[in-house]
Amino acid sequence: MTGLRRIFRKNEHERQLDTELRFHFDSLVAENLRAGMSEAEARRKARLEFGGLDQVKEECRDSWGMRWLEDIYRDMRFAVRSLCRCPAFTITSLVTLALGIGANVAVFSVVSAALLRPLNAPDPDRVITFLSTNKQGSGPGASEIKFNLWREQTRVLQDVSGYTTSWFNLTGVDRPQRVDAAHVTADYFRLFGLPLSYGRAFTVEEETPNSRNVAILSHTLWKRVFAGDPRMVGRVISLSGFSYEVVGIIAENAKPEAVTPPDIWVPFPIDPASDNQLHYFQATGRLKPGITLGMANAHLELTTLEFRRRYPTALSTNRGDVFSVQPLRDVQVKDVRTAFFVLSGAVAFVLLIACANVANLLLVRAGVRRRELAIRMAVGAARQRIVRQLLTECALLALVAAALGLYLGIIGIHAILAVNTANLPRLGLHGSNVTLDWRVLTFTGCVTVVSALLFGLIPALQTSRTGIHTSLKESNDRAGLGISGHRTRSLLAISQVSLALVLLIGASLLIRTLMSVRSTNPGFDAHGVVATLVTLDPKFTGASSVDRINQDILRRLHALPGVEQAAFTGLLPLEGNFNSLPVTIVDKSNRGAPDGNSRWMTVSPGYFNVLKIPPVRGRLFTDNDRRDAPRVAIINQAMARQLWPGGDPLKDQLIIGKGLGQDFGETTRRIVGIVGDVHEDALNQNPLPAVFTPFEQRGSMRLSNASPVWRMWTIVRTRANSGSFNSAIESELRQATGGLPVAPVHSMESVVMKSTARQSFDMLLMTVFGCAALLLAAVGIYGLMSFTVQSRTQEMGIRIALGSSSAAVRNRAIVQGMRLSLIGIAAGILAALGLTRLLMGFLYGVQPQDPITFVTVPIFLAAVALLACYIPARRATRINPSEALRWE
Amino acid sequence: MAALGPIHGYAIAQRLQQVSRDVLQVQQGSLYPALHRLENKRYLAAEWKATETGREAKFYRLTAKGRTQLETEIADWKRLAKAVRLILETTEGEAG
């Protein structure tokens with residue numbers, strides 16, 4: 001019979017084996033009886049001749065060859081039974097392990113969705129984005145002249161597409177609303193393989209300027225507003241006053257690579273003969289088959305030279321300014337890669353501490369069972385078999401903990417996503433890309449195996465080295481594991497304390513960073529200011545119409561009770577958007593190149609008052625700075641410092657956007673004032689140069705050629721602060737614009753708070769891990785301490801009996817426990833000194849080796865350790881010496 | 001022994017004692033792991049039959065595959081025995 005069949009009919013085989021052997025044995029007995037022996041003697045002689053019945057059975061079973069499967073099954077059943085017998089140990093280990101595994105699963109899922117998941121495009125590794133490198137670094141911005149040149153490089157690249165976003169007001173439907181729009185060139189759909197459920201993608205003809213207006217709807221918009229009507233293809237919708245014919249509908253399973261998936265897609269006309277140098281969109285493409293990244297970049301260096309030849313003033317003379325391409329995914333996650341690595345490392349520390357705890361628990365348990373194991377070895381169990389059994393228990397613990405850990409991991413994922421107001425890239429809308437895919441499950445499996453090895457190997461090795469004689473001779477069942485066992489346990493406790501200290505120091509540094517960032521003076525006063533976004537349709541773009549609307553808005557807002565001042569601006573500080581235009585000083589010896597780059601803010605005169613930005617010199621804008629008045633500009637201190645290091649800006653004039661194209665012209669503006677710096681981009685970045693122009697004097701400058709709408713922030717300083725006030729503002733705005741949708745009003749303080757979202761996120765996660773590590777380490781020390789006290793009860797009883805005070809005995813125990821903790825703290829300080837360098841990119845206002853943190857956190861941890869030692873040691877004071885001496 | 005016809009374990013043990021004239025003294029139980037191993041490798045085929053006493057016993061007989069293996073093993077053993085004998089005779093000759 002084959003081995004496999006043996007398993008399925010095991011009982012049958014056992015019965016047969018028994019019958020066969022008994023036949024032989026009984027025949028021997030019968031033979032001996034015939035030879036004249038007594039019953040008892042016959043049986044005894046037969047047993048000697050035959051050998052032990054059970055032993056022979058064992059050997060036969062061994063020869064069957066499929067033994068190991070049955071062994072595993074039997075080991076499992078035994079493991080289950082013995083684990084159920086001590087529920088305290090089992091539950092503690094499972095919870096500890098599950099927390100460690102779950103935290104790792106949660107963090108890895110997020111990291112995997114952002115860093116490891118490939119782009120949603122066919123052949124995703126060959127999709128690249130174009131970068132321009134200059135003195136300040138590389139940026140993915142593209143201008144029309146650059147794009148046209150890149151498009152011509154068909155030897156190495158294909159499907160070169162442009163992409164930018166804007167907003168339209170969708171009118172003519174039940175509920176007019178603002179929709180997010182993506183402007184894309186015709187190749188974009190082919191590049192990313194975006195599937196359509198109805199209709200078609202854009203054609204090349206639709207990409208030329210002045211062609212028919214067409215649009216493609218996203219699936220969510222189509223379902224939400226148009227009820228999923230398939231006949232939408234061919235219908236005309238009204239976007240910001242213009243008619244667009246719907247030519248296609250995106251399929252439901254499409255996942256465009258964007259932080260917010262667009263509602264509407266429209267063509268992006270780029271004039272091949274354009275001379276526009278404004279960087280306002282992004283360019284992507286695909287490497288041609290057979291072309292590597294290196295080849296493409298080498299080719300693009302030559303392209304840069306060609307570009308310099310055609311447009312001598314467009315790039316700086318710095319030799320390092322080149323074009324390059326990088327895989328799109330790498331560019332998208334560049335900022336967060338380090339953060340994710342640090343977080344993954346931190347959560348791995350937590351897992352290590354958890355494994356150390358479980359290893360300690362297992363060592364205690366093995367110690368308690370030492371006599372039982374010794375007896376089993378004495379009656380013939382192979383040492384190997386016993387070790388295998390212990391490993392089976394560990395494997396079982398690990399498997400159950402992994403299942404629990406997956407469940408906890410799901411909870412952890414939801415928690416992380418709830419905290420993620422930081423717009424981490426590539427996670428999808430509401431974290432929809434973070435799933436338990438095969439990567440996460442494989443990771444969970446590996447983590448489980450590694451943990452099982454970590455905490456299982458040490459006790460198993462300990463057991464296999466224990467001698468039978470010493471175990472049996474031990475009179476005290478719970479006498480600890482001897483010197484070597486104690487050393488292992490101490491080592492584990494020390495490492496736990498070190499790891500916990502490293503995490504706590506990291507968390508403290510991040511907490512101080514957040515506090516530092518939050519307490520930075522932004523340069524303006526956000527208290528009492530609210531803001532809302534208005535998008536003005538092209539039907540207002542006649543310059544005078546827009547100005548008239550804005551005057552109307554301001555008049556209405558000033559009429560509301562409780563309003564101190566109202567203004568509007570193109571960019572809101574700390575909101576996340578930015579621009580950068582070249583600035584040229586008139587009458588300076590410029591070689592045709594701009595003198596510097598600066599942020600361009602177009603504002604109404606009340607802007608500085610609303611935000612309480614202090615004037616430093618000169619004057620602010622007034623109502624007299626109208627469209628027909630002399631052109632003026634105000635700069636900030638950063639620009640004054642950079643471009644007039646020793647001079648006086650108020651004597652000079654400047655030109656904004658010279659050379660960017662015909663929209664920008666060469667208007668000279670007189671500088672009439674200098675204002676204080678504002679942290680426009682982020683609280684932890686130094687203010688960059690900025691130039692302000694009155695809105696009415698903007699001329700024909702536009703920030704984006706793709707979108708015909710004007711996007712303006714309306715800000716209001718008010719004493720009132722209530723919901724009804726906000727809705728009053730919204731209604732006034734709606735009336736002024738003739739029914740256009742208005743974004744909800746939110747407070748400036750919430751904008752400032754939101755700008756620190758990344759630091760909050762980092763700090764929150766690190767603190768959670770640090771606290772978990774602290775708890776686990778404290779539990780570890782507590783456990784070690786109480787075990788030591790218990791196992792030394794006899795010794796302590798003797799000391800007390802010989803005259804030592806119970807307090808002295810207790811203090812002795814505490815000192816021994818604290819010695820371990822202090823060694824751990826010292827090791828942790830050394831490790832932290834090395835590791836906090838990794839945090840350098842995250843810190844603000846605090847050094848990686850900040851002395852205050854490195855002193856207070858260890859003291860805190862030592863205090864916690866002292867408490868963890870004190871509580872069990874106190875039990876020592878209650879020892880009754882006579883009982884202790886008698887205790888076995 | 002199974003080559004001579006189907007036989008059960010006890011009978012094998014008895015014949016072993018007879019034939020080797022009690023030189024081979026083994027624990028009789030250790031036969032069975034060997035028998036089962038040979039059965040696994042399909043050198044032996046087994047079936048349950050009733051014995052003279054009326055009880056059921058497992059009878060083993062040699063298969064064709066087993067017969068081939070047996071002949072190979074016998075040839076190997078004879079070759080080994082001859083080699084050992086030659087070495088010993090030569091040594092004796094030298095010693096003597």
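Numbers restart at 1 for each chain; the letters A, B, ... are given by sequence-line order, proteins then strands.
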Practice prompt. Could you tell me which of A:Gln55, A:Glu31, A:His24, A:Lys57 has the largest number of non-hydrogen atom pairs under 4.5 Å with chain B?
Written response: A:His24
Worksheet entry | Heavy-atom side-chain proximity of B:Trp48 to A:Glu20 below 4.5 angstrom | yes
Discussion item. So, taking the atom named OG in A:Ser27 and the one named CD in B:Gln28, what distance separates them when rounded to the nearest 0.5 Å?
Written reply: 9.5 Å
Worksheet item: What's the shortest heavy-atom distance between A:Thr19 and B:Glu56, and which atoms?
Response: CG2-O, 4.5 Å
Worksheet item: Under 6.0 Å from the NZ atom of B:Lys65, do we count more than 12 heavy atoms belonging to anything else shown?
Response: yes
Worksheet entry | Distance (rounded to the nearest 0.5 Å) between B:Lys58 NZ and A:Leu21 CG | 9.5 Å
Practice prompt. Please flag which part of A:Leu17 lies under 4.5 Å from any non-hydrogen atom of chain B: side chain, backbone, both or neither.
Written response: side chain
Practice prompt. Give the minimum heavy-atom separation between B:Pro33 and A:Cys60, together with the two atoms involved.
Written response: N-SG, 3.6 Å
Worksheet item: Would you find more than 12 non-hydrogen atoms of other residues, nucleotides or ligands less than 6.0 Å from A:Arg77 atom CZ?
Response: no
Worksheet entry | CZ (A:Phe78) with more than 12 external heavy atoms under 6.0 Å | yes
Worksheet item: What orientation do A:Phe50 and B:Tyr32 show, parallel under 30°, tilted 30 to 60°, or perpendicular over 60°?
Response: tilted
